[in-house]
Protein chains: 2
Amino acid sequence: MRARIDDVAKVAGVSPKTVSRVLNNERNVREDTRQRILEAVRSLDYRPHPSARSLAANRSFLVALLYDNPSPSYMMEVQDGVLEACDAQRYSMMLQPLDATSPRFVEQVEKLISERRLDGLILTPPISDHVDLLARLREWGTPFACVAPRDHSCAGVVLDERRAACEMVVHLASLGHRRIGHITGHPDHGASGWRLDGYRDGLERCSLRYDHRLVVQGHFSFDSGVVAARTMLALASPPTAIFAANDDMAAGVIWAANEAGLLVPRDLSVCGFDDTPMSRQIWPSLTTIHQPCRDMGRIAANQLLRAIREGEGAMVYAKFALCLRGSTGRAPDRPLRGASAGRHG
Amino acid sequence: MRARIDDVAKVAGVSPKTVSRVLNNERNVREDTRQRILEAVRSLDYRPHPSARSLAANRSFLVALLYDNPSPSYMMEVQDGVLEACDAQRYSMMLQPLDATSPRFVEQVEKLISERRLDGLILTPPISDHVDLLARLREWGTPFACVAPRDHSCAGVVLDERRAACEMVVHLASLGHRRIGHITGHPDHGASGWRLDGYRDGLERCSLRYDHRLVVQGHFSFDSGVVAARTMLALASPPTAIFAANDDMAAGVIWAANEAGLLVPRDLSVCGFDDTPMSRQIWPSLTTIHQPCRDMGRIAANQLLRAIREGEGAMVYAKFALCLRGSTGRAPDRPLRGASAGRHG
DNA sequence: GCGCAATTTGACAGCGCTGTCATTTCTGGC
DNA sequence: GCCAGAAATGACAGCGCTGTCAAATTGCGC
């Protein structure tokens with residue numbers, strides 16, 4: 001049978017309360033007492049009972065990671081980071097997939113919090129921008145941290161995506177591209193706006209004119225990338241480079257280029273955003289922007305735990321990195337027209 | 001303040017114990033009493049306290065999903081299925097990434113079980129084949145369920161991967177291919193053996209000779225697929241079709257084919273296994289075999305919960321499906337030699 | 001209407017820990 | 001060596017539920 005706190009107390013010659021103090025890193029325990037207790041814990045291989053602890057302390061030591069994100073690689077990395085941070089602080093993480101567009105969304109989250117007695121929440125895009133939910137959480141006093149929210153006035157973590165997108169466009173321009181297209185992301189995601197803004201910043205920095213025909217709405221999905229690329233490639237003067245707001249859509253662009261008989265990057269340069277594993281597995285490998293998702297998960301969790309303990313967490317800025325790979329190259333000497341030139345030609 | 005069980009009991013005019021009986025679906029409660037209690041629960045919006053419940057019942061109502069699998073899409077789907085099943089039965093799931101090759105692996109799992117007071121485990125490949133761990137779990141009497149284990153004598157779920165692989169090879173042969181290569185998976189995964197066996201079954205069914213030069217060891221990674229494909233394509237008489245044991249390696253094959261200037265599927269047919277999202281995002285889209293990962297997660301969890309309740313669960317067989325897409329086509333009239341013919345020719 | 005077994009319900013203790021607050025021990029200044 | 005205040009420790013109750021077992025109620029054959 002497992003040892004209990006009273007057993008440890010007996011072995012160490014103290015009261016159970018003092019053992020509890022040591023285990024919870026409370027102050028006001030003499031160093032020799034602490035050592036004696038830790039030694040007893042070790043010798044008995046004592047493991048505190050989580051349910052007893054949370055019942056008595058009136059806290060669950062449990063946080064939930066809320067998501068409604070179709071990208072498994074993104075979520076898996078964020079998740080690993082969150083787990084890492086929670087483990088380190090003896091917290092548990094639970095996972096909750098949700099439909100953020102459901103009319104009962106806020107209600108579902110409320111139910112989750114009260115059923116599981118959650119100590120806090122980590123919100124990922126697009127949930128991190130759900131204004132109703134954020135307002136309610138503040139009202140209820142539920143601690144939370146956001147990954148990549150539009151509004152930076154809460155605890156969490158963000159990337160300077162606008163600057164990243166700008167740098168990508170500048171890079172394309174440095175390769176000689178003058179007609180650079182952009183496929184925007186899902187309108188519910190803050191990232192879509194930042195990336196579009198960054199695209200415009202980049203054009204401006206390179207003195208390129210903004211052309212609305214070169215900006216097509218996508219939804220972060222592969223299929224929407226295919227459709228948007230077809231639209232752009234059918235223009236009278238199509239772009240020589242397309243910057244998609246994420247990798248899935250960029251893969252769609254490459255797909256559409258292949259379909260049209262274009263060779264990437266000879267006839268068309270393509271780049272994405274996110275650095276998903278897939279971006280290295282397609283031909284040609286995709287030029288993209290790396291987000292440190294795992295770090296971001298860890299940071300968000302740490303800020304949440306700080307908010308739980310100290311009442312408030314901070315908004316931390318994470319670093320991006322351009323990944324220059326095979327899908328971008330020098331602009332063709334003369335712009336090509338649609339599907340007129342391709343590998344089969 | 002949240003309602004407690006005593007409040008419900010008072011409103012319904014019964015003892016707390018009877019409320020507990022209703023909430024836990026115990027027998028021997030009169031129907032009208034049950035209804036009265038459910039009504040009281042509803043009117044007070046009562047939510048039982050998980051920690052109190054698990055402390056008193058001496059069970060955590062918590063299972064862990066153990067994984068050491070580099071494929072985020074696979075794990076994410078399994079995970080979603082497990083969550084679905086656990087939610088439905090008022091169980092919680094926790095996630096535990098592990099390094100199955102660590103010498104302290106079994107010890108870590110033991111620690112996890114006793115620290116979290118886990119009621120059971122779900123093991124995914126390659127952990128589901130860790131014989132030491134399985135032996136210890138049986139010794140400790142810890143309920144567990146396996147996803148795709150080599151040994152089918154436990155609770156869990158499997159696919160007839162051998163037959164799936166066989167059908168894929170038969171399909172390739174029906175397209176006229178006579179030299180069909182195979183890239184095997186990671187040797188620690190049971191799936192690698194089944195898929196290889198199925199490959200040999202398929203050859204035999206089509207009266208094709210097994211040629212050891214056409215079978216190259218891979219490790220389920222994209223890079224290992226590239227390397228293996230280069231090896232095979234450099235043969236004096238290279239294959240006209242390559243069946244990789246998973247999609248990541250198949251993507252590697254397509255990459256290597258592009259690198260060698262070969263056109264898929266004109267010069268080389270390629271197929272994979274798993275039907276990852278990536279398989280539809282590369283050009284050409286990948287012929288592969290669909291595994292119902294989400295269903296498999298759900299089934300595994302349900303069998304585990306049955307094992308927890310009733311002492312034993314079953315091994316359930318899930319169904320695969322061939323996905324015929326763009327990366328496979330009719331065999332070339334005359335086999336090509338290595339990189340001698342390509343799009344740039 | 002009676003007796004006996006089966007069904008339904010309740011009383012009570014206690015799961016293993018921590019919060020509160022009281023008590024004891026230590027520390028430093030005189 | 002004494003005292004006030006700070007630091008360290010302990011006694012005790014109780015967090016909210018369920019297991020055990022006893023008590024009350026019901027059903028049924030005669």
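Naming convention: chains lettered A, B, ... in sequence-line order (proteins, then strands); numbering from 1 in each chain.
Judged purely by atom type and a 3.5 angstrom limit, D274(A) has no side-chain atom pairing as donor or acceptor with the backbone of T276(A). Between the side chain of N69(A) and the backbone N or O of S71(A), at least one donor-acceptor pair lies under 3.5 Å. Side-chain N or O atoms of D188(A) include none that pairs as donor or acceptor with a backbone N or O of P126(A) at under 3.5 Å.
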Just distance, no hydrogens or angles: give the donor-acceptor pairs under 3.5 Å from side chains in residues 145-155 of chain B, sequence neighbours left out.
{"residue": "R150(B)", "atom": "NH2", "partner": "P187(B)", "partner atom": "O", "Å": "3.2"}
{"residue": "D151(B)", "atom": "OD1", "partner": "S153(B)", "partner atom": "N", "Å": "2.8"}
{"residue": "D151(B)", "atom": "OD1", "partner": "S153(B)", "partner atom": "OG", "Å": "2.7"}
{"residue": "D151(B)", "atom": "OD2", "partner": "S153(B)", "partner atom": "OG", "Å": "3.2"}
{"residue": "H152(B)", "atom": "ND1", "partner": "Y317(B)", "partner atom": "OH", "Å": "3.1"}
{"residue": "H152(B)", "atom": "NE2", "partner": "P149(B)", "partner atom": "O", "Å": "3.4"}

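Taking atom CD1 on I5(A) and atom C1' on dG19(C), their separation rounds to 13 Å, with Å as the unit. Remark: P of dC17(C) and CD of E115(B) are 13 Å apart, rounded to the nearest angstrom. Rounded to an integer number of Å, the gap from CZ of F61(A) to P of dG16(C) is 18 Å. Put simply, NZ on K17(B) is 18 Å from P on dA23(D), counting in whole angstrom units. Taking atom CG on N58(B) and atom P on dT18(D), their separation rounds to 13 Å, with Å as the unit. Atom pair R59(B):CZ and dG16(D):P shows a separation of 21 Å (rounding to whole Å applied). For R2(A) and dC15(C), the CZ to C1' distance is 16 Å, given to the nearest whole Å. Rounded to a whole Å, the CG atom of L55(A) is 17 Å from the P atom of dG14(C).
If D6(B) and V14(A) are placed on DNA chain D by their nearest nucleotide, the residue sitting closer to the 5' end is V14(A). Mapping S15(B) and R117(B) onto DNA chain C by nearest heavy atom places S15(B) closer to the 5' end of the strand.
Contact check of residues 20-35 of chain B against DNA chain C (heavy atom, cut-off under 4.0 Å) returns R21(B), N28(B), V29(B), R30(B), T33(B). Within residues 44-54 of chain A, the residues having any heavy atom under 4.0 Å from DNA chain C are, by residue number, Y46(A), P48(A), H49(A), A52(A), R53(A).
Terminal axes of the helix from dG1(C)-dC30(D) to dC30(C)-dG1(D) (five pairs each, C1' rotation axis) are separated by 20°, to the nearest 10°.
Among residues two or more places apart in sequence or in another chain, the side chain to side chain contact (heavy atoms under 4.5 Å, CB included) test is passed with D132(A) by V106(A), H130(A). Partners of S54(A) by side chain to side chain contact (heavy atoms under 4.5 Å, CB included), not counting sequence neighbours, listed by chain and number: F61(A), S51(B). Among residues two or more places apart in sequence or in another chain, the side chain to side chain donor-acceptor pair (under 3.5 Å) test is passed with R42(A) by E39(A). For A314(A), the side chain to side chain contact (heavy atoms under 4.5 Å, CB included) criterion is met by Q303(A), R306(A), not counting sequence neighbours. For R104(A), the salt bridge (Lys or Arg N to Asp or Glu O under 4.0 Å) partners are E107(A), not counting sequence neighbours.
Of all nucleotides listed (dG10(D), dG16(C), dG10(C)), dG10(C) comes nearest to the side chain of T18(B). Comparing dT18(D), dC17(D), dT18(C) by their nearest atom to the side chain of P16(A) picks out dT18(C). When each of dG10(D), dG16(C), dT18(D) is scored by its nearest atom to the side-chain atoms of A56(A), the top-ranked nucleotide is dG16(C).
Within the structure, ring pair (Phe, Tyr, Trp, His ring centres under 6.0 Å) pairs that include any residue of residues 11-35 of chain B do not occur (at least two apart or interchain). Residue pairs meeting the salt bridge (charged side-chain N to carboxylate O under 4.0 Å, His left out) criterion with at least one partner in residues 57-85 of chain B, sequence neighbours excluded, are D80(B)-R294(B), E84(B)-R294(B), E84(B)-R298(B). Screening residues 85-98 of chain B for salt bridge (charged side-chain N to carboxylate O under 4.0 Å, His left out) gives R116(A)-D87(B) as the qualifying pairs, with residues at least two apart or on separate chains.
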